[in-house]
Amino acid sequence: MMFRFSSLMLGAALLTLPPVEHVLAEGADSGDAALIERGRYLVRIAGCNDCHTPGYAQSGGQVPEPLWLTGDQLGWHGAWGTTYPTNLRLYMQGISVDEWLQQARTRQLRPPMPWFALRDMTEEDLRAIYSLVRHLGPAGEPVPAYVPPEQEPVGPLVRFPLGSQ
């Protein structure tokens, strides 16, 4: 009889717990599940995954979330040299939200990164993206370093016509 009562109490207690996703979201730096969900939405619609998640564009967005924003080995080559999509999961671990906000507002990155899209986002949107990335946690490997225009990169590339900026 005691076992049955304890099992019923445990079952009732489990029913009152928030869903696992909510608990995970609360453990993130922002502590705000709604902010993380907003970040998830923005990363999808703003095209962040298109470059910063390997295979995302080619698969029509069918890459599992645990692989999102881990950077890519695909280089983008043009008159500026060769750039690689940063592993945001590793990068964001080393900066504060205030540093992220400052960088998003002031840095002018090399093509094809649409740095002006970050500049034009609201502070709340930038905080949401930061919260999602921090929530996802570190994953993946660093991407190749920038290659100046006078050097020939190695590996897969998207080549822009000469003279394009």
Side-chain angles (χ1 to χ4, degrees), residues 20-21 24-25 27-30 33 35-165:
V20 172
E21 299 82 30
L24 291 174
D29 288 341
S30 74
L35 197 60
I36 291 169
E37 190 56 38
R38 174 81 178 157
R40 189 174 282 119
Y41 170 74
L42 289 167
V43 162
R44 280 191 199 116
I45 67 157
C48 305
N49 277 323
D50 293 356
C51 292
H52 293 276
T53 298
Y56 193 86
Q58 301 92 314
S59 70
Q62 299 303 308
V63 174
E65 189 174 286
L67 301 176
W68 284 13
L69 308 174
T70 55
D72 202 345
Q73 302 294 312
L74 178 64
W76 297 84
H77 181 77
W80 64 87
T82 305
T83 52
Y84 297 87
T86 301
N87 179 332
L88 297 174
R89 303 270 296 272
L90 297 179
Y91 178 74
M92 294 277 199
Q93 297 306 308
I95 62 172
S96 71
V97 68
D98 290 333
E99 290 169 318
W100 162 245
L101 294 171
Q102 177 66 22
Q103 289 179 16
R105 294 279 182 245
T106 60
R107 287 187 70 191
Q108 293 184 15
L109 301 164
R110 292 181 189 97
M113 177 62 197
W115 54 268
F116 40 87
L118 289 176
R119 178 199 63 204
D120 295 343
M121 286 184 179
T122 67
E123 182 173 322
E124 183 180 358
D125 285 347
L126 291 170
R127 286 179 181 276
I129 290 170
Y130 180 86
S131 295
L132 170 68
V133 175
R134 292 294 297 251
H135 169 73
L136 291 172
E141 300 295 324
V143 300
Y146 164 73
V147 179
E150 64 277 0
Q151 295 179 15
E152 187 60 30
V154 178
L157 296 171
V158 173
R159 286 192 184 266
F160 287 84
L162 285 176
S164 65
Q165 293 282 339

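Across all their heavy atoms, Pro66 and Arg89 have their closest contact at O-NH1, 3.1 Å. Across all non-hydrogen atoms, the minimal contact from Val63 to Trp68 is O-NE1, 3.0 Å. Closest approach of Leu109 and Trp115 over heavy atoms only: O-CD1, 3.2 Å. Taking both residues in full, the closest heavy atoms of Met121 and Ala46 are given as CE-CB, 4.0 Å, listed atom of the first, atom of the second, then distance. Closest approach of Pro153 and His77 over heavy atoms only: CG-ND1, 3.9 Å. Heavy-atom minimum distance, Gln73 versus Pro142: NE2-O, 3.8 Å.
In terms of modelled atom types and a separation under 3.5 Å, the side chain of Arg119 and the main chain of Gln108 share no donor-acceptor contact. Checked by atom type and distance alone, the side chain of Arg40 never pairs as donor or acceptor with a backbone atom of Leu132 at under 3.5 Å. With hydrogens and angles ignored, the 3.5 Å screen pairs no side-chain donor or acceptor of Arg127 with any backbone N or O of Leu35. Side-chain atoms of Thr53 come within 3.5 Å of backbone atoms of Leu69 as a donor-acceptor pair (strictly under, hydrogens ignored). Under the 3.5 Å distance criterion, the side-chain polar atoms of Asn87 are matched with a main-chain donor or acceptor of Ala139. In this structure a side-chain-to-backbone donor-acceptor pair under 3.5 Å is present from Thr83 to Pro111.
With rounding to the nearest 0.5 Å, the separation of CD1 in Ile95 from OH in Tyr130 is 6.0 Å. We find the CD-NE2 distance between Glu37 and His135 to be 9.0 Å, quoted to the nearest 0.5 Å. Here the straight-line distance linking atom CE of Met113 with atom SG of Cys48 works out to 7.0 Å at 0.5 Å rounding. How far CG of Leu90 is from CD of Glu141: 7.5 Å, rounded to the nearest 0.5 Å. The distance from atom CG of Asp125 to atom OH of Tyr41, rounded to the nearest 0.5 Å, is 9.5 Å. The distance from the CH2 atom of Trp76 to the OG1 atom of Thr82 is 12.0 Å, given to the nearest 0.5 Å.
Under 4.0 Å is where a charged nitrogen must lie from a carboxylate oxygen, and between Glu124 and Arg38 no such pair does.
Arg159 meets the salt bridge (Lys or Arg N to Asp or Glu O under 4.0 Å) test with Glu152; sequence neighbours excluded. With sequence neighbours left out, Glu99 forms a salt bridge (Lys or Arg N to Asp or Glu O under 4.0 Å) with no residue at all.
Contact annotation: the side chain of Arg44 approaches that of Tyr56 to within less than 4.5 Å [non-hydrogen atoms, C-beta and beyond]. Residues Ile36 and Ser131 have side chains in contact (heavy-atom distance under 4.5 Å, counting atoms from C-beta outward). In this structure the side chain of Arg105 reaches within 4.5 angstrom of the side chain of Glu123, judged on heavy atoms. Looking only at side-chain heavy atoms (C-beta outward), Trp100 and Ile129 come within less than 4.5 Å of each other.
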